[in-house]
Structures are given as C-alpha cells and as structure tokens.
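Report on one structure; see the data block that follows.
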Amino acid sequence: MADGRELIYYDRGTPPTGRAVADLRPLDAVAPSSEVRQDPMTGAWVTVAAHRQARTYHPPADECPLCPSREGRLSEIPAGDYQVAVFENRFPSLAGEPGTHPVPPALDDPLHSRGPGIGRCEVVCFTADHDASFADLDEDRARLVLDAWTDRTAELSVLPGVRQVYCFENRGTEIGVTLAHPHGQVYALPFVPPRTAKMIDQAARHRAATGRNLFDDLVAAERASVGSLSTDSLSTDSLSAERPEDSRVVLAGEYWTAFVPFAARWPYEVHLFPNRRVPDFTGLNEDERAEFPRIYLDLLRRFDRLFGDGDRQVRAPYIAAWHQAPAGHEDELALHLELFTVRRTADKLKYLAGTESGMEAFMNDVAPEFAARRLREVGQAGAATPATASRPTPGTTDDTTDEEAQR
Ligand SMILES: [Zn+2]
C-alpha cells in the first residue's frame, strides 16, 4: 500500500483481474505508538493506543475504505474487485516489528510492568459486497475466509514476540462497529489475554484432577447429551427427538460441534469446537475444513433468525471470537469459536454494567438450555416468531435491570 503496509489477496478459482493495480493514494506513513501496561492487581495487560482517536468513524457508504477502488474513489483496496483481502490496519492498536521490543518482564519494578505495544493488527475483508454479511456468503467464500485465517495464523504466530493470534469479527453497530462493510480482524498479541490466561489455569487444574484434557471432556460431555444422534446429522429433528429439554447442543456435525456453554455469559452464546482437538487453525485437516463452511454459516444464520417479527427481521449483532492456543500452550488449549450476541430480545440489549463491567461477574437473563432450544428451533427456515423471541425465560427475574434503567 502507499504507506508501506502489506496487502494480501486470497482467491478461490479464477481471481478477479486488477491484482497488480497500485495504491495511488497520497498517504503518509502512520507512526503508531502504543504501549502495553500490566495491571498489578490482576495481571491483565492493557493496551494504550492514543493515536487511534483519529481513526475513520462511520464513513458514508460511498466513502467506505473497504470497498474496491473505483475511478475517483480510491479505497484501502486498489483492485476493482476482490474475493477476500487482508491488509494491515492503518490505525492499529498494536504495531511495529514483533520481537524487536519484547515485552519486558517486571524486574525491579513489579508495580509498573510495561512495554511497547508491538504486534500486528490486520483487517480481513470477507467480500467486496458492501451490503453483505458473513451469513450471506456462500460456502466457497466461507472456506476461503477459513483459509485466510489459517494463513494469517501460520504467518503471524511464528513472529518473535507474538504470544497469540486472535481472529475475530464484530458485527453490528450495537457492538461498536465503525465500518459497515463485512470484515473481521486479526490481532497478533504480544501477551496472553486475560480470558486465555484463565483457560490455561483451568486446563491445568482439570489435568491435575482428572489426568485428562479439559476441552476433550467438555466437548465429549456436550455431545453425549444428544445420545445416539447420527454423527453426520445437522437436522434439529434428530436433536429434539433425544433430550430436547436439557441438551445444549445446537449443531452436531461429523467434525464440529456447536453448543451453548453450561455457564453462558451472554443471552445467546454458542461455542463451536472441532470434535478432534487442535491448537489452532493450522491444525485442521481437510475433512474438518470441508465441513466448516456449512456449520459456520448455519450457526450465523440461526443468530440472524433469533429476533424480529414477521417482515422485520432484526439481525443479531454479534462478536465471533476465535480462541487459539498461545505459544507454549499448544498441548492443552483448543481451537474454538465463542460466538455471542448482546441482544436479548428484538428490542432489548444486554449492557455490561455494574456487575459485569465492575466485577467481571456476568448476570445472564436467558437460561442456556432455553437459548439452545431457541437456536435449534430457528434452524428451520421461518421459525422465528416474536412470541418465542421475547418469551421470558423461566426461572429468571423481571428483566428490567439496572442496565435498562441506565439507558
Ligand atoms: Zn464497503
């Protein structure tokens, strides 16, 4: 790109033309400077990136920086068309050559551990179609995105200083998305983030107590709840024929399993694991890759059918967070997706307020088993109805909460 950033096109089949088109914009190189600081009370790393205040914020559709370039309107992507494109974020939270400034351990000053915010922040454009969503992609394209995630993971995870490669998608203005164009991001992190650090501890505890792997046991237990379900079945009928009330499994494929976690934090939260544990995208075999698009698109489309009434479908805002084993923890940690929405009903959002933001203690208004049932129901086209979408969950309190009052 004009300012020296890297841009990569991924194609399946015949690539669109225009790959060699140069970025002709008069862009100055940005010199991002960020810092990571460790919270001495919790050990969590915080990235301070003040330069990001200047980043593009809700541009009009005709100025979208992720659409292909056209005459008179040059975007981040010089080509006139593309399938999947990945480029370095112009306003990254983390930047610089990983490894050149490793995060120093706390030495003589245990209260103020800090280092430069080195790492990589990349943008993954899923399609050139500005108005599409991931759920609208065909299986071929979803597979191409998987391949792009895999390639980025392979490339970034070996950079010195990178501890974890995190692929994610934020979808919807309710999540805080500032660009409407369908895209995700890849962060090469110079530290192990708090949620992963907790999983490392829990996996070690489980290993010490049982001699087994935590994630193996987790997936096996959820799959066991659907009994003798035929392994290649994705139909909700066969699921509901077994234990409809208490199974949390949403989709059981031959190679992947999606379920609402036992202690779900969000109104609708689904974890998707390959049945065979692998540390990251690079560990998936061809069978697992081949089945992935069908499962993942099905899951996203179920989220899109959760809310709305008849003509007015309210697409669920969501975060799709791909957890991959950090460096040094490949033996115990498992690749998996944590997909969740902040939407509780067609007209209510879950806000993180006093308990969640203040104490990291989640209060979930939707029972996980109910959420799983809903997600199985909406697998049938047209199954979403306002009556079920907003039905109060048995066993929960009145849902006018502090969060509601504060809105
Ligand atoms: Zn666009």
Side-chain angles (χ1 to χ4, degrees), residues 1-3 5-25 27 52 54-92 121-149 152 167-186 293 296-297 299-301 303-305 307-308 311-320 339 341-343:
M1 301 172 81
D3 54 3
R5 286 175 292 143
E6 192 176 4
L7 165 69
I8 305 161
Y9 295 110
Y10 294 87
D11 299 298
R12 266 169 91 78
T14 312
T17 54
R19 284 292 171 273
V21 176
D23 182 3
L24 300 173
R25 296 170 299 168
L27 282 186
R52 276 171 54 80
R55 73 186 186 272
T56 313
Y57 189 77
H58 294 296
D62 63 354
E63 289 174 24
C64 173
L66 309 187
C67 277
S69 289
R70 49 185 163 73
E71 191 130 4
R73 247 284 301 141
L74 301 180
S75 73
E76 291 281 66
I77 299 170
D81 193 14
Y82 65 86
Q83 294 182 7
V84 171
V86 175
F87 61 87
E88 288 179 81
N89 195 322
R90 182 160 162 82
F91 299 98
C121 294
E122 298 182 341
V123 177
V124 182
C125 301
F126 302 139
T127 168
D129 180 356
H130 183 87
D131 297 316
S133 197
F134 201 119
D136 303 327
L137 304 181
D138 62 22
E139 291 189 10
D140 237 30
R141 181 59 57 84
R143 169 61 192 262
L144 183 58
V145 174
L146 171 65
D147 291 344
W149 285 333
R152 300 320 299 147
C167 304
F168 63 99
E169 180 194 358
N170 299 325
R171 205 279 294 270
T173 51
E174 299 92 334
I175 298 287
V177 173
T178 53
L179 296 174
H181 196 108
H183 72 287
Q185 301 179 66
V186 181
Y296 191 51
L297 291 170
L299 209 48
L300 294 182
R301 290 166 187 167
F303 266 58
D304 277 346
R305 287 197 289 265
F307 308 109
D311 304 339
R312 192 179 64 99
Q313 278 298 312
V314 181
R315 290 193 122 172
Y318 65 75
I319 292 173
L339 173 70
T341 181
V342 298
R343 187 168 287 290

4.5 Å side-chain heavy-atom contact, P182 and F134
no
Taking ring pair (Phe, Tyr, Trp, His ring centres under 6.0 Å) as the test, write out the residues that go with F87, two or more places apart.
none
Suppose we screen for side-chain contact (heavy atoms from CB on, under 4.5 Å). Which residues come up paired with V21, at least two apart in sequence or across chains?
P78
Residues forming a salt bridge (charged side-chain N to carboxylate O under 4.0 Å, His left out) with E88, sequence neighbours excluded:
R120
Ring pair (Phe, Tyr, Trp, His ring centres under 6.0 Å) filter on H181, not counting sequence neighbours, yields H130
Pairing residues for E174 by the side-chain contact (heavy atoms from CB on, under 4.5 Å) criterion, not counting sequence neighbours:
P317, V342, R343, L349
Mind checking what makes salt bridge (charged side-chain N to carboxylate O under 4.0 Å, His left out) contact with D81, not counting sequence neighbours?
none
Do Y10 and V86 make a side-chain contact, defined as non-hydrogen atoms from C-beta onward lying under 4.5 Å apart?
yes
Which residues pass the side-chain contact (heavy atoms from CB on, under 4.5 Å) test with R12, sequence neighbours left out?
Q83, D140, R143, L144, D147
Give me the one residue out of R315, R171, R301 that meets salt bridge (Lys or Arg N to Asp or Glu O under 4.0 Å) with D136.
R315
Using the test ring pair (Phe, Tyr, Trp, His ring centres under 6.0 Å), find all partners of F303 that sit at least two apart in sequence or belong to another chain.
none
Looking at side-chain heavy atoms only, is the closest gap between Y9 and I77 below 4.5 Å?
yes
Testing the basics here: between Y296 and A320, what is the closest heavy-atom pair and its distance to 0.1 Å?
OH-CB, 3.5 Å
Distance from L27 atom CG to M1 atom CE, nearest 0.5 Å?
7.5 Å
Partners meeting salt bridge (charged side-chain N to carboxylate O under 4.0 Å, His left out) with D3 (sequence neighbours left out):
R5, R90
How many angstroms lie between CD in E122 and NE2 in H183, if you round to the nearest 0.5 Å?
13.0 Å
Mind checking what makes side chain to side chain donor-acceptor pair (under 3.5 Å) contact with R141, not counting sequence neighbours?
none
So, for S75 and S69, which heavy atoms are closest and what is the spacing to 0.1 Å?
N-OG, 2.9 Å
Derivation and outcome, side chain to side chain contact (heavy atoms under 4.5 Å, CB included), residues C125 and V123
CA-CA 6 Å; C125 301; V123 177; 4.2 Å; yes
The side chain to side chain donor-acceptor pair (under 3.5 Å) partners of D11 (sequence neighbours excluded) come to R19
List the steps, then state whether side chain to side chain contact (heavy atoms under 4.5 Å, CB included) holds for L339 with Y318.
CA-CA 7 Å; L339 173 70; Y318 65 75; 3.7 Å; yes
Applying salt bridge (charged side-chain N to carboxylate O under 4.0 Å, His left out), name anything that partners D23, two or more places apart in sequence or on another chain.
R25
About how many Å separate CG of D304 and OG of S133, when rounded to the nearest 0.5 Å?
6.0 Å
Please step through side chain to side chain contact (heavy atoms under 4.5 Å, CB included) for the pair L297 and E139, ending with a clear verdict.
CA-CA 8 Å; L297 291 170; E139 291 189 10; 3.9 Å; yes
